[in-house]
Amino acid sequence: MLFIITFYSFFCTNEITLDMKKIVIFASGSGTNAENIIKYFQTKEVGTVVAVFTNNSNAKVLERAKKHQVPTEIFSKEELFESKVIQKLNLIQPDLIVLAGFLLKLPKSIIESFPNTIINIHPALLPKFGGKGMYGMNVHKAVVENKENETGITIHYVNENYDEGNVIFQKRVKLLSTDSPETVAEKIHELEQKYFPSVIEEILNLKS
C-alpha cells in the first residue's frame, strides 16, 4: 500500500504527460548508473523514471532515488520469484525495465510478461566475460588476467539466460598493459555514464 501511495504522489507532483514513456530501474548497489539515468530523463520529454526496484535494503540507490523523489520498492529474492514484484510492475505497466547493476536473475514470469521490454548493461564485450558470477570487479579482473587489449560495455535485451539476450549496443575502449582491474573499472564507468541514458532514449523513441 505504501508503494502505491508513493507512486501516485509521484505522478501528482511531477510533470508527467500521457505521451511520456515509463522507465523502471532495477539496481542492487550504489546506483550511480540509476541516478545518471534519472537525471538524464528529467530534461527529456520522451520518458521518465517512475520507480526504482531493489533487492538490497541497504543499497545506496535508495538514497539516490529519494533525492530525486523517485518511488522505490524493496523486495527479497523470494518475493521476486513470487507475485509481489510482478504485481507492482503490472500496476505501473512500464514501457522499459532497465537493469542497472541488478545482481539477481529475473524469473521467467517477469520476462514473459514484459517481452522486449527489459534491458541490461554488462561491463564487457559480450559474449566475452558473460554468464553467472560475471559482474563488477569479477569481470574487470578476468579481463586483466586474460590480457585483453580492449574491453567495453554491452547493452542487451534480457532473456532467461545470463547475458545471452540480443545485443542492442556495444562500445569499445582500448586497454594498456599497465591497466589494473581498478583502472578498467574507471574506463567502463565512463562509458556507462556517457552512453547508457542515450541508448535508453533511442529505444524509447522507437517505441513511440
Side-chain angles (χ1 to χ4, degrees), residues 1-14 16-29 31 33-38 40-42 44 46-59 61-66 68-122 135 155-166 168 196-197 199-208:
M1 181 63 71
L2 177 61
F3 177 81
I4 296 173
I5 293 171
T6 307
F7 183 59
Y8 176 77
S9 300
F10 174 82
F11 276 89
C12 291
T13 56
N14 290 270
I16 299 175
T17 68
L18 292 175
D19 293 334
M20 294 181 79
K21 304 298 183 184
K22 291 174 287 186
I23 306 165
V24 171
I25 297 176
F26 277 64
S28 298
N33 277 325
E35 183 173 26
N36 189 41
I37 295 165
I38 291 169
Y40 182 88
F41 283 97
Q42 286 174 342
K44 302 293 179 178
V46 65
T48 188
V49 178
V50 298
V52 170
F53 282 50
T54 184
N55 61 305
N56 180 3
S57 60
N58 296 314
V61 71
L62 293 168
E63 297 175 26
R64 297 182 191 274
K66 183 178 179 181
H68 297 285
Q69 299 179 317
V70 176
T72 58
E73 175 69 21
I74 304 170
F75 56 88
S76 66
K77 184 175 181 180
E78 291 72 24
E79 288 170 330
L80 177 65
F81 284 86
E82 294 168 358
S83 60
K84 178 181 178 179
V85 174
I86 198 166
Q87 284 176 354
K88 295 292 172 62
L89 289 173
N90 285 332
L91 171 69
I92 297 170
Q93 283 298 302
D95 296 283
L96 195 65
I97 297 171
V98 177
L99 309 188
F102 184 64
L103 301 183
L104 296 181
K105 187 177 182 181
L106 289 182
K108 183 178 180 180
S109 58
I110 292 179
I111 294 170
E112 290 183 345
S113 295
F114 298 94
N116 299 314
T117 302
I118 309 171
I119 67 170
N120 178 53
I121 189 165
H122 186 77
Y135 60 87
I155 298 170
H156 64 95
Y157 284 106
V158 173
N159 62 17
E160 294 177 42
N161 301 313
Y162 282 112
D163 304 323
E164 291 185 13
N166 291 336
I168 301 166
F196 202 10
V199 172
I200 292 170
E201 183 179 16
E202 289 179 16
I203 294 170
L204 292 180
N205 281 326
L206 291 174
K207 289 176 174 286
S208 297

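Atoms CG and CG, from Asn116 and Asn159 in turn, are 10.5 Å apart once rounded to the nearest 0.5 Å. For the atom pair CG (Leu204) and OG1 (Thr48), the distance works out to 10.5 Å, reported to the nearest 0.5 Å. In this structure, Ile37 CD1 and Lys44 NZ are separated by 13.5 Å, a value rounded to the nearest 0.5 Å. Rounding to the nearest 0.5 angstrom, the gap separating the CD atom in Gln87 from the CD atom in Glu79 is 10.5 Å. Annotation: the span from Asn33 atom CG to Arg64 atom CZ amounts to 9.5 Å, rounded to 0.5 Å. With rounding to the nearest 0.5 angstrom, the NZ atom of Lys77 is 6.5 Å from the CG atom of Leu104.
You'll find the side chain of Val52 stays beyond 4.5 Å of the side chain of Leu62, heavy atoms only. Residues Tyr40 and Ile200 fail the side-chain proximity criterion, which asks for heavy atoms closer than 4.5 Å. When side chains are defined from C-beta on, His156 counts as touching Asp163, because their heavy atoms get closer than 4.5 Å. Residues Leu80 and Leu106 meet the side-chain proximity criterion, which asks for heavy atoms closer than 4.5 Å. In this structure the side chain of Tyr162 never reaches within 4.5 angstrom of the side chain of Asn120, judged on heavy atoms. Proximity of Leu96 to Lys207: side-chain heavy atoms (C-beta onward) are separated by under 4.5 Å at one or more points. Under the 4.5 Å side-chain criterion, counting only non-hydrogen atoms from C-beta, Lys88 is not in contact with Phe75. Two residues are said to be in side-chain contact when any heavy atoms from C-beta on lie closer than 4.5 Å; Leu89 and Phe114 meet this criterion.
Thr117 places a side-chain N or O within donor-acceptor distance of the main-chain N or O of Pro115, the cut-off being under 3.5 Å. A distance-only check finds no donor-acceptor pair linking the side chain of Thr54 to the backbone of Ile74 [under 3.5 Å]. The closest donor-acceptor contact from the side chain of Lys105 to the backbone of Glu160 lies under 3.5 Å.
Here Lys108 pairs with Glu112 under the salt bridge (charged side-chain N to carboxylate O under 4.0 Å, His left out) rule; sequence neighbours left out. Listed by chain and number, the residues in a salt bridge (charged side-chain N to carboxylate O under 4.0 Å, His left out) with Glu78 amount to none (sequence neighbours excluded).
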**OP:** Apply the test side-chain contact (heavy atoms from CB on, under 4.5 Å) to residues Thr72 and Lys66: give CA-CA distance (whole Å), side-chain angles for both, the deciding distance (0.1 Å), then the verdict.
**Re:** CA-CA 8 Å; Thr72 58; Lys66 183 178 179 181; over 6 Å; no

Subject >> Criterion side-chain hydrogen bond (donor to acceptor under 3.5 Å, both in side chains) on Ser28 and Asn56, from CA distance to verdict >> reply: CA-CA 6 Å; Ser28 298; Asn56 180 3; over 6 Å; no

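Taking every heavy atom of both residues into account, Ala51 and Ile92 meet most closely at CB-CD1, 4.0 Å. The nearest pair of heavy atoms linking Ala100 to Phe196 is CB-CE2, 4.2 Å. For the pair Ser109 and Ile86, the tightest heavy-atom approach, listed with the atom from each and the gap, is O-CD1, 3.6 Å. When every heavy atom of Val61 is checked against every heavy atom of Ala34, the shortest pair comes out as CG2-CB, 3.7 Å.
Checked options Ile23, Val49, Ile25; the residue passing with Val70 is Val49 (criterion: side-chain contact (heavy atoms from CB on, under 4.5 Å)). Tested against Ile203, the residues Val199, Asn205, Leu206 include a single side-chain contact (heavy atoms from CB on, under 4.5 Å) partner, Val199.
Ring planes of Phe102 and Phe26: perpendicular class, angle over 60° (limits at 30 and 60°).
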